Protein chains: 2
Amino acid sequence: MSLREKKKIETKNKIFEVSGRLFKEKGFENTTIDEITKEAEIGKGTFFNYFPTKEALLLYFAEKKDELTYSLIESETAKSIHTKDKIKNLLVFLAESYERDKELTKLMIFEYIKYKRGTGLKFGEDQSRRNRLSRILHDFLGNGVKKGEVREGIDVKTAAETLTAVYFQSVMVWLWSESDYSISEDISGKIDLVFEGIGS
Amino acid sequence: MSLREKKKIETKNKIFEVSGRLFKEKGFENTTIDEITKEAEIGKGTFFNYFPTKEALLLYFAEKKDELTYSLIESETAKSIHTKDKIKNLLVFLAESYERDKELTKLMIFEYIKYKRGTGLKFGEDQSRRNRLSRILHDFLGNGVKKGEVREGIDVKTAAETLTAVYFQSVMVWLWSESDYSISEDISGKIDLVFEGIGS
DNA sequence: GTTTAAATATGACTGCGGTCATGTAAGGTT
DNA sequence: AACCTTACATGACCGCAGTCATATTTAAAC
């Protein structure tokens with residue numbers, strides 16, 4: 001690795017570390033780029049060589065967090081339990097991983113939506129969050145059909161999207177609510193419902 | 001009505017009208033407050049007597065739109081058809097009302113999420129969108145149970161929230177996707193799924 | 001009609017995100 | 001080692017959202 005590459009990584013990590021600290025100390029909005037660059041001992045312009053906007057930092061945070069979370073998931077999902085429980089465990093685990101840093105999570109999710117607006121993503125190109133989750137659920141459901149735990153003849157893609165929808169909705173409502181109810185129970189209940197159906 | 005009140009309404013409408021025109025002409029981001037106030041022939045500071053931020057305009061737009069939409073809905077929902085179809089009609093109607101002005105709709109939804117972040121809404125206080133929709137669905141499902149079209153013993157609140165989740169997810173994915181598929185079919189399919197259930 | 005009080009209007013000003021022309025240093029070339 | 005090229009660093013600068021002290025208009029009080 002060349003000296004240049006080393007310095008680049010160092011600078012990016014420095015920005016990451018400093019901004020993380022400042023965000024925790026005084027919040028995202030109250031932290032200015034000037035502060036970050038002063039603390040990180042770089043010029044203001046340099047910041048924008050690494051992150052195109054202030055908000056891009058949030059996406060970077062989200063990526064780092066996702067890396068960790070999804071690597072944990074993949075080692076957890078080998079277990080041979082009932083498909084419904086597998087899905088419950090997965091979604092509850094994900095939801096609970098947001099419990100720390102509720103404020104920053106909101107901003108991150110928020111930014112993620114905004115981000116999708118700006119970029120013209122081709123289908124299948126977006127590997128993060130929603131789609132990544134849909135893929136895992138898709139696998140689970142496919143196996144569920146084979147095991148006879150999921151109704152045959154179902155459209156697996158639609159089912160995966162529906163479960164994803166339920167999950168995101170629950171997380172959003174939970175994040176934005178004042179009260180402190182159990183996200184696990186909420187999600188579990190809704191998954192039960194989707195498995196059993198509403199119709200008579 | 002006093003002269004003051006008249007002028008206030010006039011000014012607010014003028015801002016609304018001018019900004020609407022400019023947003024359509026050149027987009028939200030490319031329109032500055034300076035432009036709006038110049039076109040509306042008011043001082044810059046005056047704008048902020050009517051809207052606390054530029055984004056607040058989007059919420060005002062959304063409100064106006066919702067007023068119209070929900071007034072149409074209430075006259076439509078009297079029909080005595082099967083509960084599932086009633087729900088399908090409702091959600092498809094709502095989704096299709098976003099077909100015009102896809103760009104502005106995105107910004108509005110986006111802003112709505114942001115807005116919820118800032119305000120400490122008490123439960124039941126938020127009469128708009130998500131909760132309003134949940135309430136209507138709640139009613140539909142309640143009647144559905146009575147008519148024997150919805151499975152008895154179901155938690156109506158959870159079911160309403162699940163359907164809302166499916167609806168919002170569909171709209172979001174649709175709004176942010178490049179392709180031009182049928183939102184009606186997508187939502188219909190998912191409602192069928194939720195009614196029939198995933199489990200075997 | 002005059003005075004007083006309250007509401008509203010206003011634009012110079014501030015603060016911050018983001019740009020860009022210019023400077024500096026790394027690494028390749030001879 | 002002297003020179004060149006390319007990548008990266010930098011801070012003065014710009015544009016725009018939002019503020020605030022001051023001015024103006026309306027309404028109330030007498």
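Quick caveat, the model's predicted, so the values are computed rather than measured. Labels below follow one simple rule: chain letters A, B, ... track the order of the sequence lines, proteins then strands, and each chain is numbered from 1.
- In this structure, the NZ atom of B/K38 is 13 Å from the P atom of D/dG15, given to the nearest Å.
- Across the interface with DNA chain D, nearest-nucleotide mapping of A/G45 and B/I33 shows A/G45 to be the residue nearer the 5′ end.
- Rounding to whole angstrom units, CG of residue A/L3 and P of C/dG28 are separated by 11 Å.
- The distance between atom CD of B/E29 and atom C1' of D/dG15, rounded to the nearest whole Å, is 15 Å.
- Across all strands, B/Y50 comes closer than 4.0 Å only to sugar-phosphate atoms, never to a base (heavy-atom distances).
- Rounded to whole Å, the distance from CZ on B/F51 to P on D/dT19 is 15 Å.
- In this structure, B/K102 is positioned above the aromatic face of B/W174, its NZ or CZ under 6.0 Å from the six-membered ring centre and within 45° of the axis.
- Atom-to-atom, CD of B/E41 to P of C/dT10 comes out at 10 Å; the value is rounded to the nearest Å.
- In this model, no side-chain donor or acceptor of A/K7 finds a partner on the base of C/dA26 within 3.5 Å.
- Residue B/T46 has no polar side-chain atom (N or O) positioned under 4.0 Å from OP1 or OP2 of C/dT8.
- The NZ atom of A/K8 sits 8 Å away from the P atom of D/dA9 (whole-angstrom rounding).
- Residue contacts shown for B/T37 are absent, as no nucleic acid heavy atom lies under 4.0 Å away.
- For A/N49, no side-chain nitrogen or oxygen approaches OP1 or OP2 of D/dC8 to under 4.0 Å.
- Note that A/K86 lies in the cation-pi zone of A/F140, set by a 6.0 Å cut-off to the ring centre and a 45° limit from the axis.
- Distances shown here put every side-chain N or O of A/T32 at or beyond 4.0 Å from the OP1 or OP2 atom of C/dC16.
- Side-chain contact check for B/Q169 and A/T164: no donor-acceptor pair (N or O, by modelled atom type) lies under 3.5 Å.
- Atom CG of B/L57 is separated from atom P of D/dC16 by 17 Å (rounded to the nearest Å).
- In this entry the distance linking CZ of A/R4 with P of D/dT6 reads 11 Å, nearest Å.
- At C/dG27, one or more side-chain N or O atoms of A/S2 fall inside 4.0 Å of OP1 or OP2 (strictly under the cut-off).
- Within 3.5 Å, no donor on the side chain of A/K54 pairs with an acceptor on the base of C/dG18, nor the reverse.
- For the OP1/OP2 pair of D/dG18 and a distance below 4.0 Å, the side-chain nitrogens and oxygens of B/K44 include no atom meeting the criterion.
- A ring-ring contact (aromatic ring centres under 6.0 Å, His included) with B/F61 is found for exactly one of B/F16, B/Y112, B/F28, B/F51, namely B/F16.
- Heavy-atom nearest nucleotides on DNA chain C were determined for B/I42 and for A/F28, and the one closer to the 5' end corresponds to B/I42.
- Here B/F110 and A/F110 bring their ring centres to under 6.0 angstrom of each other.
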